[in-house]
Amino acid sequence: MGKGCFITFEGIDGAGKSTQLAWVKELLVNRGIAVTVTREPGGTSLGERLREILLHSEDAVLPETEALLMFAARREHIDKVITPALARGEVVLCDRFTDATIAYQGGGSGVSIAKLESLERWVQGDLQPDLTLYFDLPVEVAKERINDPRRQDRFERETDGFFERVRFAYLARARAQPQRIRVIDANVRPAVINKKLEDIISSICL
Ligand code: TYD
C-alpha cells in the first residue's frame with residue numbers, strides 16, 4: 001500500500017473547480033486508481049450539518065465563528081475520512097480545504113491570518129495537501145457563471161469587492177507556497193485545462 005495522495009481543489013465561486021474535480025476523478029478511476037472524493041465544509045455527517053448552517057443560515061454569523069466552524073468540521077473530516085483513505089493508499093480529491101478558510105474568512109472577511117494559521121497547525125498537525133489546484137478566474141467572469149440568485153448560498157451573494165479580496169488572498173498563498181499550490185488559468189477552454197491537469201497530476205501522484 002502506498003502513502004496515498006491528497007489533492008485539494010480551490011477557487012472563487014464560479015471558477016469551475018467542481019467540474020474539474022469530476023474530470024480528474026474519471027481520469028484516475030480509468031487508470032484503476034482507488035479514489036475518495038469529498039468536500040469541505042462537509043465530508044462527515046456532522047460536517048454536512050455544519051455546512052448547512054454555514055451556507056444557508058438566515059442569521060448573521062461572525063467571520064470568526066465561521067472560521068471556527070470550518071476548522072471544527074475539518075478536524076472531524078481529517079480524522080474520519082481523509083487520514084483513513086490516505087492510509088489505504090488512495091488518492092483523496094477534496095473540494096476545498098484550509099486555503100478556502102484563509103481566502104474567504106481571512107482575505108474576504110478580515111479574520112487574522114495568524115489566528116487562522118494557528119488553527120491550521122492545531123487541527124492539521126503535519127497534514128498538508130500533496131497538491132492544491134487553484135483555479136484562477138477574474139471576478140467578473142466568475143460572477144456571470146453564478147448569476148442565478150435563487151440558487152446562491154450565503155457566500156455566493158457576497159459583493160465583488162469580497163471576491164476580489166478572496167482571489168487576492170488565494171494568489172498570495174499560492175505565491176508563498178509554490179511547491180504545493182499550482183495556479184491554473186480557468187479562463188481558457190476546458191480541454192486546455194484538462195491537459196494541464198493531466199500533466200500536473202501525473203508528475204505528482206501517479
Ligand atoms: P462550494 O465549494 O463552492 O460548493 P458549491 O459548488 O456547492 O457551491 O461552496 C462552499 C462555500 O463555502 C464557498 O462559497 C466557499 C465557502 N467556504 C468558506 O468560506 N471557507 C471554507 O473554509 C470553506 C471550506 C468553504
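Atoms within each ligand, like the ligands themselves, are counted from 1 in listed order. Computed from a prediction, not measured in an experiment: that's the story for all the values here.
- For Y134, the ring-ring contact (aromatic ring centres under 6.0 Å, His included) criterion is met by Y170, not counting sequence neighbours.
- Ring centroids of F97 and F6 are separated by less than 6.0 Å, placing the two rings close together.
- Distance check, rounded to the nearest 0.5 Å: CG of L55 to CD of E156 gives 7.5 Å.
- Taking atom 6 (O) of ligand 1 as the reference point, the nearest protein heavy-atom neighbour is S18 OG, 4.0 Å.
- For ligand 1, the polar-atom distance check against D13 finds a nitrogen or oxygen pair separated by under 3.5 Å.
- At a cut-off of 3.5 Å, with distance as the only test, a side-chain donor of E90 or T36 sits close to an acceptor on the other residue.
- Regarding atom 17 (N) of ligand 1, its nearest protein heavy-atom neighbour is M70 CE, 3.6 Å.
- Looking only at protein heavy atoms, the nearest one to atom 19 (O) of ligand 1 is Q105 NE2, 2.9 Å.
- Using a 3.5 Å distance cut-off with no hydrogens or angles, the side chains of R74 and T101 do pair a donor with an acceptor.
- Looking at L54 against ligand 1, nothing comes within 4.0 Å, counting heavy atoms.
- Residue K25 qualifies as open at atom NZ: its count of foreign heavy atoms under 6.0 Å is 12 or below.
- The contact set between ligand 1 and P41, taken as ligand atoms under 4.0 Å from a residue heavy atom, comprises 23 (C), 24 (C), 25 (C).
- Considering each of F97, F163, F9, F155, the one bringing a non-hydrogen atom nearest atom 16 (C) of ligand 1 is F155.
- The nearest non-hydrogen atom to atom 10 (C) of ligand 1, considering only R151, E158, R74, R96, comes from R96.
- Ligand 1 places these atoms under 4.0 Å from at least one heavy atom of E40: 24 (C).
- Using a 4.0 Å cut-off to heavy atoms of T101, the atoms of ligand 1 that qualify are 21 (C), 22 (O).
- Using modelled atom types and a 3.5 Å distance limit, the side chains of D13 and Y104 yield a donor-acceptor pair.
- Qualifying salt bridge (Lys or Arg N to Asp or Glu O under 4.0 Å) partners for R31, counting only residues two or more places apart in sequence or in other chains: E198.
- Put simply, the side chain of H77 reaches to within 4.5 Å of the side chain of C94, judged on heavy atoms.
- Here is the list of ligand 1 atoms found below 4.0 Å of a heavy atom in D153: 8 (O).
- Considering R51, E156, E10, R39 only, the shortest heavy-atom separation from atom 4 (O) of ligand 1 involves R51.
- Within the 4.0 Å heavy-atom criterion, neither part of T98 lies near ligand 1.
- Polar contact check, K17 against ligand 1: a nitrogen or oxygen pair lies under 3.5 Å apart.
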